[in-house]
Amino acid sequence: MNHDVTQKPDGSTDPDAKPDDGSDKGDRKERVLHTRVPAVLEAELKTVARALRVPVSNLVRTILEDAVAIADRASSQVEQRLEAAARSVETERARLRARLERNEVLQDVLAYQAVIVAAPNRCARCEAPLEPGDDAALAIRDRPGPSSFVCTACVPKPKSAKP
Ligand SMILES: [Zn+2]
(Lines give C-alpha, C1' and ligand atoms only; values in the text may rest on other atoms or scores of the structure.)
Protein backbone atom coordinates (compact mmCIF):
# COMPACT_ATOMS: atom_id res chain seq x y z
CA MET A 1 0.00 0.00 0.00
CA ASN A 2 1.49 3.29 -1.09
CA HIS A 3 1.03 5.96 1.55
CA ASP A 4 3.29 8.56 -0.06
CA VAL A 5 1.63 11.87 -0.80
CA THR A 6 2.44 12.89 -4.35
CA GLN A 7 3.95 16.33 -4.39
CA LYS A 8 4.54 18.77 -7.21
CA PRO A 9 7.93 20.50 -7.31
CA ASP A 10 6.29 23.67 -5.92
CA GLY A 11 5.27 21.73 -2.85
CA SER A 12 1.54 21.76 -3.45
CA THR A 13 -0.35 18.51 -3.27
CA ASP A 14 -1.10 16.93 -6.61
CA PRO A 15 -4.88 17.16 -7.07
CA ASP A 16 -4.76 13.96 -9.11
CA ALA A 17 -3.24 12.08 -6.22
CA LYS A 18 -5.73 9.58 -4.97
CA PRO A 19 -6.71 10.55 -1.43
CA ASP A 20 -6.38 7.89 1.19
CA ASP A 21 -10.02 6.84 1.01
CA GLY A 22 -9.84 4.37 3.84
CA SER A 23 -9.77 1.38 1.49
CA ASP A 24 -6.88 0.14 3.61
CA LYS A 25 -8.89 0.30 6.85
CA GLY A 26 -7.76 -3.26 7.54
CA ASP A 27 -4.15 -2.14 7.47
CA ARG A 28 -3.46 -1.78 11.19
CA LYS A 29 0.27 -1.37 10.73
CA GLU A 30 1.23 1.41 13.08
CA ARG A 31 3.62 4.22 12.41
CA VAL A 32 5.22 6.73 14.71
CA LEU A 33 4.35 10.32 13.89
CA HIS A 34 6.49 13.07 15.34
CA THR A 35 5.05 16.53 15.58
CA ARG A 36 5.73 19.81 17.31
CA VAL A 37 2.99 21.18 19.52
CA PRO A 38 2.89 24.41 21.54
CA ALA A 39 3.88 23.93 25.17
CA VAL A 40 0.43 25.01 26.30
CA LEU A 41 -1.20 22.33 24.14
CA GLU A 42 1.20 19.71 25.49
CA ALA A 43 0.32 20.72 29.05
CA GLU A 44 -3.39 20.53 28.22
CA LEU A 45 -3.06 17.12 26.63
CA LYS A 46 -1.15 15.85 29.67
CA THR A 47 -3.80 17.25 32.01
CA VAL A 48 -6.59 15.65 29.99
CA ALA A 49 -4.70 12.35 29.80
CA ARG A 50 -4.18 12.35 33.56
CA ALA A 51 -7.84 13.15 34.21
CA LEU A 52 -8.97 10.36 31.89
CA ARG A 53 -6.21 8.04 33.18
CA VAL A 54 -4.92 7.19 29.73
CA PRO A 55 -1.45 7.59 28.21
CA VAL A 56 -0.97 10.88 26.34
CA SER A 57 -0.22 8.97 23.14
CA ASN A 58 -3.56 7.13 23.36
CA LEU A 59 -5.39 10.41 23.90
CA VAL A 60 -3.69 12.06 20.95
CA ARG A 61 -4.41 9.08 18.74
CA THR A 62 -8.07 9.03 19.79
CA ILE A 63 -8.48 12.73 19.10
CA LEU A 64 -6.83 12.36 15.70
CA GLU A 65 -8.90 9.31 14.80
CA ASP A 66 -12.08 11.15 15.78
CA ALA A 67 -11.02 14.20 13.83
CA VAL A 68 -10.23 12.18 10.72
CA ALA A 69 -13.46 10.19 11.00
CA ILE A 70 -15.44 13.43 11.18
CA ALA A 71 -13.44 14.86 8.31
CA ASP A 72 -14.06 11.69 6.30
CA ARG A 73 -17.78 12.19 6.60
CA ALA A 74 -17.54 15.87 5.77
CA SER A 75 -15.72 15.53 2.48
CA SER A 76 -13.42 13.39 0.44
CA GLN A 77 -11.34 16.36 -0.67
CA VAL A 78 -7.93 16.25 1.00
CA GLU A 79 -7.79 19.95 1.82
CA GLN A 80 -11.29 20.06 3.23
CA ARG A 81 -10.57 16.94 5.22
CA LEU A 82 -7.54 18.50 6.79
CA GLU A 83 -9.38 21.74 7.53
CA ALA A 84 -12.24 19.84 9.11
CA ALA A 85 -9.77 17.76 11.13
CA ALA A 86 -8.07 20.90 12.41
CA ARG A 87 -11.41 22.45 13.35
CA SER A 88 -12.46 19.27 15.08
CA VAL A 89 -9.29 19.17 17.17
CA GLU A 90 -9.87 22.80 18.12
CA THR A 91 -13.47 22.10 19.13
CA GLU A 92 -12.45 18.97 21.00
CA ARG A 93 -9.82 20.92 22.92
CA ALA A 94 -12.36 23.54 23.94
CA ARG A 95 -14.85 20.88 24.93
CA LEU A 96 -12.32 18.88 26.96
CA ARG A 97 -10.99 22.02 28.61
CA ALA A 98 -14.49 23.14 29.60
CA ARG A 99 -15.24 19.71 31.01
CA LEU A 100 -11.97 19.61 32.95
CA GLU A 101 -12.46 23.09 34.33
CA ARG A 102 -15.92 22.16 35.57
CA ASN A 103 -14.53 19.04 37.22
CA GLU A 104 -11.59 20.89 38.74
CA VAL A 105 -13.87 23.47 40.34
CA LEU A 106 -15.25 20.77 42.63
CA GLN A 107 -12.17 18.55 42.86
CA ASP A 108 -11.25 19.41 46.47
CA VAL A 109 -14.77 19.43 47.90
CA LEU A 110 -15.01 17.40 51.11
CA ALA A 111 -18.77 17.37 51.58
CA TYR A 112 -22.01 18.91 50.43
CA GLN A 113 -24.38 20.60 52.86
CA ALA A 114 -28.00 21.06 51.82
CA VAL A 115 -28.93 24.74 51.92
CA ILE A 116 -31.65 27.14 50.84
CA VAL A 117 -30.29 29.76 48.49
CA ALA A 118 -30.54 33.31 49.87
CA ALA A 119 -28.68 35.29 47.25
CA PRO A 120 -28.69 34.68 43.50
CA ASN A 121 -25.84 32.42 42.46
CA ARG A 122 -24.92 29.82 39.87
CA CYS A 123 -24.31 26.10 40.07
CA ALA A 124 -20.53 25.63 40.11
CA ARG A 125 -20.88 22.55 37.93
CA CYS A 126 -23.59 23.16 35.32
CA GLU A 127 -23.92 26.91 35.79
CA ALA A 128 -27.68 26.70 36.23
CA PRO A 129 -29.00 29.84 37.95
CA LEU A 130 -29.72 29.48 41.66
CA GLU A 131 -32.44 31.84 42.84
CA PRO A 132 -33.31 32.80 46.43
CA GLY A 133 -35.50 30.04 47.92
CA ASP A 134 -34.06 27.29 45.71
CA ASP A 135 -32.75 24.08 47.23
CA ALA A 136 -29.02 23.74 46.61
CA ALA A 137 -25.89 22.34 48.24
CA LEU A 138 -22.94 24.22 49.67
CA ALA A 139 -19.57 22.75 48.73
CA ILE A 140 -17.42 22.43 51.84
CA ARG A 141 -13.64 22.60 51.52
CA ASP A 142 -10.85 22.52 54.08
CA ARG A 143 -9.31 25.73 52.84
CA PRO A 144 -10.61 29.28 52.82
CA GLY A 145 -12.03 30.69 49.64
CA PRO A 146 -15.24 31.81 48.02
CA SER A 147 -18.24 29.56 48.67
CA SER A 148 -19.50 27.50 45.80
CA PHE A 149 -22.90 25.95 45.43
CA VAL A 150 -24.28 23.20 43.25
CA CYS A 151 -27.84 22.71 42.10
CA THR A 152 -29.88 19.70 43.26
CA ALA A 153 -29.29 17.97 39.91
CA CYS A 154 -25.51 18.20 40.32
CA VAL A 155 -25.17 17.22 43.98
CA PRO A 156 -24.12 13.56 44.38
CA LYS A 157 -27.03 11.31 45.27
CA PRO A 158 -26.99 9.80 48.78
CA LYS A 159 -26.10 6.09 48.86
CA SER A 160 -29.30 5.28 50.73
CA ALA A 161 -31.89 6.92 48.53
CA LYS A 162 -34.95 7.89 50.54
CA PRO A 163 -38.16 5.95 49.71
ZN1 LIG B 1 -25.89 22.04 38.47
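Order of appearance sets the numbers: ligands from 1, and atoms from 1 within every ligand. One is the number of the first residue; the rest follow in order along the sequence.
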Determine all donor-acceptor pairs shorter than 3.5 Å in which one atom belongs to a side chain in residues 142-154; sequence neighbours excluded.
residue : atom : partner : partner atom : Å
R143    : NE   : D108    : OD2          : 2.8
R143    : NH2  : D108    : OD2          : 2.6
S148    : OG   : R141    : NH1          : 2.8

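- Nearby protein atoms of type N, O or S around the Zn ion (ligand 1) amount to 4 (distance under 2.8 Å).
- Heavy atoms of other residues, nucleotides or ligands lying less than 6.0 angstrom from CD of E127 number 12 at most.
- A donor-acceptor contact shorter than 3.5 Å is absent between the side chain of N58 and the backbone of P55.
- Legend: residues meeting salt bridge (Lys or Arg N to Asp or Glu O under 4.0 Å) with R122, ordered by chain and number and at least two apart, are absent.
- The backbone N or O of A84 sits nowhere less than 3.5 Å from a side-chain atom of S88 that would complete a donor-acceptor pair.
- Sequence neighbours left out, the pairs with a member in residues 40-49 that pass side chain to side chain donor-acceptor pair (under 3.5 Å) are E42-K46, E44-R93, E44-R97.
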